[in-house]
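We count residues from 1, following the sequence as given.
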Amino acid sequence: MHFTTVDYVIFTVLLVASAGIGLFYAFSGGRQRTTQEFLMADRSMSCLPVSLSLLATFQSAVAILGAPSEVYTFGTQYWFLGCSYFLGLLIPAHVFIPVFYRLRLSSTYEYLELRFNKMVRICGTVTFIFQMVLTGFDLWGAVLAMGLVCTLYTALGGLKAVIWTDVFQTVVMFAGQLAVIVVGSSQAGGIGEVWRKAVNGSRIAGLDLNPDPLERHTFWTLGVGGIFLMLALYGVNQAQVQRYLSSRTEREAVMSCYVVFPCQQIVLCLGCLMGLVMFARYGEDSPLKKGYVKTNDQMVLYFVMDVFRDLPGLPGLFVACLFSGALSTISSAFNSLATVTMEDLIKPHFPSMTEAKATLLSKGLALAYGLVCLAMAYIASIMGSVLQAAFSIFGMVGGPLLGLFCLGMFFPWANSIGAMVGLVAGLAMAFWIGIGSFVMRISAPTPVPLLNTSALPLFDNITSTVMTAVVSTTTAKRRPTGVEALYSLSYMWYSAHNSTTVVVVGLIVSLLTGPMKEKELTPGTVYPVLGTLLFFLPERYKEKLCCVTPLAHKVTSYSYS
């Protein structure tokens with residue numbers, strides 16, 4: 001099963017169109033002559049392109065490959081992740097966006113200097129850069145062509161080019177996934193037959209209310225733990241916040257969160273349906289078992305080539321869909337890295353730099369980060385497991401950063417010492433659990449996929465029952481205790497656990513070293529949630545806890561010189 005000429009043409013059209021959008025914005029409008037235009041799209045974007053760009057950044061190539069293989073192997077429990085989208089987008093829309101937008105920031109880490117001090121801002125920025133560079137690419141296949149095109153349109157066209165290519169790539173992603181589902185379900189006998197086979201194969205999961213945080217996927221790990229993951233992504237992540245801040249008005253920024261919500265649910269449904277169509281085609285006899293592929297993620301690509309082998313052009317459409325996911329994620333990383341480096345690490349030390357030099361340097365930074373991430377992708381492709389480790393690092397670092405912002409935004413008495421110590425404690429805890437879990441997982445047996453015995457002949461019922469019992473007994477594990485229990489924590493709780501560590505440690509250290517006074521706070525940096533929650537306290541106690549500071553409603557500009 002190989003690409004035809006038509007497939008190569010479709011894939012090439014994607015790359016050319018993406019590069020063309022970048023060139024268009026490089027030579028139109030203000031021609032990216034100012035940092036505001038290059039990094040913030042002149043704060044002129046409307047709701048729809050911003051929301052589709054937010055979606056494209058979230059819907060990476062890993063999600064396109066990972067969700068179907070997850071559902072194929074373990075069933076539809078993963079679908080409950082959609083429950084976390086409600087609060088995961090509602091809280092950023094009404095808490096984080098108003099604070100960031102009214103402060104007129106370019107980088108989320110500017111907030112940390114306003115709320116704490118310059119050292120906390122630098123620590124947050126360096127942590128973010130470390131996170132993004134390590135996870136620069138989702139896949140190595142055709143990485144050179146893809147990476148160079150992405151670097152080109154990001155470095156030339158700025159944030160406007162990134163957002164509008166995201167819109168184009170989102171349409172390609174939807175088209176590719178829909179084509180696979182429609183053709184695959186048709187070949188399987190229709191969507192009704194797909195569902196029947198999934199039910200018979202025990203792939204349709206019910207509501208699992210098991211509160212055990214060590215269980216990999218339950219309603220609580222996905223629906224509640226997923227909220228913290230979404231907050232780390234949509235609340236404080238520079239790539240997403242930069243898009244909010246490029247909106248024309250605060251209302252447009254808030255609306256983009258609302259628009260992206262149904263789009264995310266559709267994307268999740270498409271991924272899960274693709275997994276069910278895969279199961280309807282292969283059943284328990286997966287390409288992985290047959291040795292046609294080496295990993296679960298490769299099964300999706302094999303399935304696509306198998307389904308589309310007599311339909312030239314459609315494999316190219318899906319690969320274009322896959323690389324659209326990768327391009328949107330990578331371009332966001334390049335632009336965000338250039339923004340935080342310029343705004344947080346360079347401008348504060350060179351306040352007299354001219355606008356022309358700053359813009360040229362921003363373009364150079366975007367180009368340089370593109371080349372660095374290309375190098376990281378090459379190294380990851382050689383070392384194999386490093387890429388998986390990089391994705392784990394991405395999840396582990398997001399939680400402590402969320403905790404740092406929550407500490408500053410919701411707890412007025414938190415001081416800079418508490419913020420620094422809390423961030424270090426959160427990162428230490430994150431890497432301790434993450435590395436410990438990784439080491440323990442290597443030595444443990446692989447999780448056993450759901451076993452389907454319904455299709456076995458009647459005269460084999462007794463044998464199948466005995467074999468099922470044997471498999472259950474031999475694969476059953478004792479409940480981990482102590483440190484092992486910590487290492488066995490579901491990865492969906494990482495963000496919640498690590499952000500809570502930052503907040504708790506930060507608050508304790510702040511109280512021990514002298515809490516901040518209300519007069520020391522920069523107006524507009526604290527969201528007045530405690531004043532509402534602690535309404536029953538006398539006013540003098542509220543003042544001691546700085547619970548009376550209102551959120552600034554007027555737009556204010558701050559200078560860092």
Side-chain angles (χ1 to χ4, degrees), residues 36 40 43 91-125 231 235-236 238 241-242 244-254 257 339-340 343-344 347-348 351 401-420 422-423 502-503 506-507 509-511 513-535 537-561:
Q36 274 298 299
M40 302 304 298
R43 301 186 191 268
I91 293 172
H94 294 284
V95 176
F96 292 105
I97 290 178
V99 172
F100 292 141
Y101 200 92
R102 292 172 195 181
L103 291 172
R104 303 295 287 175
L105 308 177
S106 296
S107 154
T108 48
Y109 302 98
E110 291 177 61
Y111 168 83
L112 295 177
E113 182 177 347
L114 288 172
R115 176 61 182 84
F116 297 113
N117 60 28
K118 189 171 286 189
M119 184 53 67
V120 179
R121 174 183 180 179
I122 290 172
C123 286
T125 303
L231 290 178
V236 300
Q238 170 66 22
V241 173
Q242 194 171 341
Y244 302 140
L245 299 178
S246 72
S247 300
R248 287 184 297 220
T249 63
E250 183 184 323
R251 185 175 180 277
E252 296 257 13
V254 170
C257 266
T339 302
V340 296
E343 298 292 333
D344 299 339
K347 271 191 176 180
L401 284 175
L402 172 64
L404 183 61
F405 281 95
C406 288
L407 180 68
M409 207 170 285
F410 302 137
F411 301 94
W413 67 87
N415 62 27
S416 57
I417 300 173
M420 290 287 291
L423 179 62
V502 174
V503 170
L507 289 177
V509 172
S510 294
L511 290 171
T513 55
M516 274 192 101
K517 305 289 190 295
E518 185 179 359
K519 62 184 179 184
E520 298 172 331
L521 293 170
T522 303
T525 55
V526 174
Y527 190 86
V529 67
L530 282 183
T532 307
L533 293 176
L534 303 178
F535 64 91
L537 285 180
E539 207 62 30
R540 64 179 183 277
Y541 291 118
K542 283 188 184 181
E543 287 177 14
K544 285 184 180 179
L545 293 175
C546 305
C547 293
V548 294
T549 305
L551 182 63
H553 285 279
K554 63 179 181 179
V555 174
T556 312
S557 294
Y558 293 92
S559 170
Y560 300 96
S561 53

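- Interatomic distance, S510 OG to I417 CD1, rounded to the nearest 0.5 Å: 8.0 Å.
- Under a 3.5 Å cut-off, the side chain of E252 and the backbone N or O of S247 do not form any donor-acceptor pair.
- If you look at F405 and Y109, their ring centroids are closer than 6.0 Å.
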Could you go through T108 and V241, starting from their C-alpha distance and side-chain angles, then the distance that decides it, and tell me whether this counts as side-chain contact (heavy atoms from CB on, under 4.5 Å)? CA-CA 7 Å; T108 48; V241 173; 3.2 Å; yes
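- Looking at heavy atoms from C-beta onward, V95 lies in side-chain contact with M409 at the 4.5 angstrom threshold.
- Proximity of R115 to L521: side-chain heavy atoms (C-beta onward) are separated by under 4.5 Å at one or more points.
- Taking the salt bridge (charged side-chain N to carboxylate O under 4.0 Å, His left out) definition, one finds that R251 meets it with nothing, sequence neighbours left out.
- In this structure, the separation between CE on M516 and CH2 on W413 is 13.5 Å, given to the nearest 0.5 Å.
- When the side chain to side chain donor-acceptor pair (under 3.5 Å) test is applied to S106, no partner is found at least two apart in sequence or on another chain.
- Closest approach of L231 and P92 over heavy atoms only: CD2-CD, 3.6 Å.
- In this structure, CG in N415 is found 10.0 Å from CG in L507, a value given to the nearest 0.5 Å.
- Of the candidates L114, V99, L112, L114 is the only one forming a side-chain contact (heavy atoms from CB on, under 4.5 Å) with T525.
- The aromatic rings of F96 and F100 sit parallel to each other, their planes meeting at less than 30°, with 60° as the upper class boundary.
- Among all heavy-atom pairs drawn from C257 and I97, the shortest one is SG-CD1, 3.8 Å.
- Checking side-chain atoms of S416 against main-chain N and O of F116 turns up no donor-acceptor pair under 3.5 Å.
- In terms of modelled atom types and a separation under 3.5 Å, the side chain of Y244 and the main chain of A93 share no donor-acceptor contact.
- Formation of a donor-acceptor pair under 3.5 Å by the R248 side chain with backbone atoms of A253 is not found in this model.
- Evaluation of the side chain to side chain donor-acceptor pair (under 3.5 Å) rule for T249 yields no partner, not counting sequence neighbours.
- Taking CD of E110 as the start and CG of L105 as the end, the distance is 5.0 Å to the nearest 0.5 Å.
- For the pair L245 and R43, the tightest heavy-atom approach, listed with the atom from each and the gap, is O-NH1, 3.2 Å.
- Taking CD from Q238 and CG from L401, the interatomic distance works out to 11.0 Å, rounded to the nearest 0.5 Å.
- Nearest heavy-atom pair, L407 versus V503, reported as atom, atom and distance to 0.1 Å: CD1-O, 3.8 Å.
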